[in-house]
Amino acid sequence: LATNAEQSSGAEHWAFRPPVHASVPQVRQQGLVRNPIDAFLLQSLETHNLTLAPEADRLTLLRRASFDLTGLPPSPADIREFLADQRPNAYELLIEKLLSSPHYGERWARHWLDVVGYAESAGILNEDRQIPNAWRFRDYVIRAFNSDKPWDRFLQEQIAGDELTDYWKQYETQPQLSDDVVEGIIATGYLRMAADSSRPDFKTI
């Protein structure tokens with residue numbers, strides 16, 4: 001048990017506890033369990049005498065996956081191809097195909113761009129000045145998603161891409177910046193997305 005001092009200091013807060021591997025629960029409808037997540041969901045449902053919804057048909061699965069991962073409906077050719085694919089791992093292969101689509105990055109980059117406040121103009125009251133190179137940061141985020149850039153690297157580049165790639169050394173000694181340096185500088189466009197509170201006409205809501 002934690003001491004009063006530990007409790008008052010927040011030492012027992014969940015964020016400071018080491019992760020513990022949870023045991024997979026045993027459920028009555030074991031035949032519905034295809035992976036450990038199913039077991040946890042079923043455990044919760046069975047306490048209320050509920051169960052999983054019926055399995056979706058193949059066309060529904062295709063539409064759900066396509067809209068979720070790319071934001072686009074499947075084409076007629078995609079539908080014919082998937083419905084005709086009788087391989088046992090057809091669905092897994094479909095997911096891999098959708099994840100490798102360039103539309104995947106376009107779809108999911110939007111969430112990050114919304115979080116960081118991406119805009120192509122300054123949006124300061126009556127002076128909505130354009131930011132002509134903002135699109136470069138947008139495309140950087142899309143590329144990051146489509147290339148499976150590691151999450152830690154993705155964040156670090158946006159915060160300090162110039163330092164990570166030794167921008168200043170190349171700037172002072174090379175006639176042309178390398179591709180990785182350019183990528184790092186574009187990533188720091190993240191820092192330009194925030195509203196400029198130094199402006200006298202800036203107001204917070």
Side-chain angles (χ1 to χ4, degrees), residues 14-15 17-120 134-158 161 179-180 183 186-187 189-190 193:
W14 67 265
R17 297 179 183 178
V20 178
H21 189 78
S23 299
V24 178
Q26 293 297 313
V27 294
R28 295 194 298 271
Q29 304 172 87
Q30 197 64 38
L32 297 179
V33 176
R34 294 186 178 178
N35 59 64
I37 295 176
D38 290 341
F40 285 98
L41 293 174
L42 267 173
Q43 180 190 44
S44 178
L45 289 170
E46 288 181 350
T47 59
H48 301 284
N49 294 317
L50 299 172
T51 187
L52 297 173
E55 288 194 11
D57 59 77
R58 287 171 67 87
L59 179 57
T60 300
L61 285 175
L62 171 61
R63 287 177 58 81
R64 286 177 181 173
S66 185
F67 275 115
D68 188 41
L69 294 179
T70 70
L72 299 169
S75 69
D78 291 333
I79 294 173
R80 288 193 298 270
E81 179 184 345
F82 181 64
L83 295 183
D85 190 347
Q86 297 304 312
R87 289 174 292 181
N89 63 338
Y91 185 68
E92 287 78 4
L93 294 173
L94 167 69
I95 297 301
E96 290 298 328
K97 178 181 177 181
L98 293 171
L99 289 173
S100 65
S101 166
H103 302 307
Y104 167 75
E106 295 164 357
R107 162 90 164 96
W108 284 92
R110 292 179 57 194
H111 296 290
W112 183 253
L113 294 171
D114 286 344
V115 167
V116 303
Y118 173 80
E120 295 184 4
W135 64 270
R136 297 182 186 277
F137 176 71
R138 177 201 65 199
D139 286 6
Y140 159 81
V141 177
I142 293 172
R143 285 196 304 275
F145 275 80
N146 279 333
S147 64
D148 292 330
K149 187 184 290 286
W151 181 247
D152 56 347
R153 180 71 184 191
F154 178 64
L155 296 178
Q156 292 165 2
E157 286 180 348
Q158 292 173 80
D179 291 343
D180 65 314
E183 183 87 343
I186 292 173
Y190 158 80
M193 294 298 110

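The analysis underlying the following values was restricted to heavy atoms, covering all of them including side chains, and did not include hydrogens, waters or symmetry mates. Index from 1, following the sequence. From a predicted model like this one, the values you see are computed outputs, not experimental measurements.
- When the shell of 6.0 Å around CD1 of Ile37 is examined, it contains 12 or fewer heavy atoms from other residues, nucleotides or ligands.
- When all heavy atoms are compared, the tightest approach of Ala187 to Tyr140 is CB-CZ, 3.4 Å.
- Distance alone, capped at 3.5 Å, is enough to place a donor-acceptor pair between the Asn35 side chain and the Asp38 backbone.
- Phe82 has its side chain out of reach of Asp78: every pair of non-hydrogen atoms, C-beta onward, lies at least 4.5 Å apart.
- Heavy atoms of other residues, nucleotides or ligands lying less than 6.0 angstrom from CG of Asn89 number more than 12.
- With sequence neighbours left out, Arg136 forms a salt bridge (Lys or Arg N to Asp or Glu O under 4.0 Å) with no residue at all.
- We find the CD-CG distance between Glu92 and Leu94 to be 9.5 Å, quoted to the nearest 0.5 Å.
- Partners of Arg138 according to the salt bridge (Lys or Arg N to Asp or Glu O under 4.0 Å) rule, which considers only residues two or more places apart in sequence or in another chain, are Glu120.
- For the salt bridge (Lys or Arg N to Asp or Glu O under 4.0 Å) test, no residue two or more places apart in sequence or in another chain qualifies with Glu106.
- When all heavy atoms are compared, the tightest approach of Ala119 to Ala134 is O-CB, 3.6 Å.
- Expressed to the nearest 0.5 Å, how far CD of Glu81 lies from CD1 of Ile79 amounts to 11.5 Å.
- For the pair Phe40 and Ala22, the tightest heavy-atom approach, listed with the atom from each and the gap, is CZ-CB, 4.0 Å.
- Closest of all the heavy-atom pairs between Val141 and Ala109 is CG1-CB, 3.6 Å.
- The distance from the OG atom of Ser147 to the CD1 atom of Ile142 is 11.5 Å, given to the nearest 0.5 Å.
- Nearest heavy-atom pair, Leu155 versus Trp112, reported as atom, atom and distance to 0.1 Å: CD2-CH2, 3.7 Å.
- In this structure a side-chain-to-backbone donor-acceptor pair under 3.5 Å is present from Gln158 to Phe154.
- The minimum heavy-atom distance between Ser101 and Asn146, with the atom names listed, is O-OD1, 3.4 Å.
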Which pairs would a plain distance check flag for residues 61-69, meaning a side-chain donor or acceptor within less than 3.5 Å of a matching protein atom at least two apart in sequence or in another chain?
| residue | atom | partner | partner atom | Å |
| --- | --- | --- | --- | --- |
| Ser66 | OG | Leu72 | O | 2.6 |

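- Applying the salt bridge (charged side-chain N to carboxylate O under 4.0 Å, His left out) definition to pairs two or more places apart or across chains, those involving residues 45-56 are Arg34-Glu55.
- Taking OG1 from Thr51 and CD from Gln29, the interatomic distance works out to 3.5 Å, rounded to the nearest 0.5 Å.
- In this structure, CZ on Arg143 lies 6.0 Å from CG on Asp139, to the nearest 0.5 angstrom.
- Atom CZ of Arg110 sits in a sparse spot, with 12 or fewer heavy atoms from other residues, nucleotides or ligands closer than 6.0 Å.
- Rounding to the nearest 0.5 Å places OH of Tyr190 at 8.0 Å from CZ of Phe137.
- Arg87 is linked by a salt bridge (Lys or Arg N to Asp or Glu O under 4.0 Å) to Asp85, counting only residues two or more places apart in sequence or in another chain.
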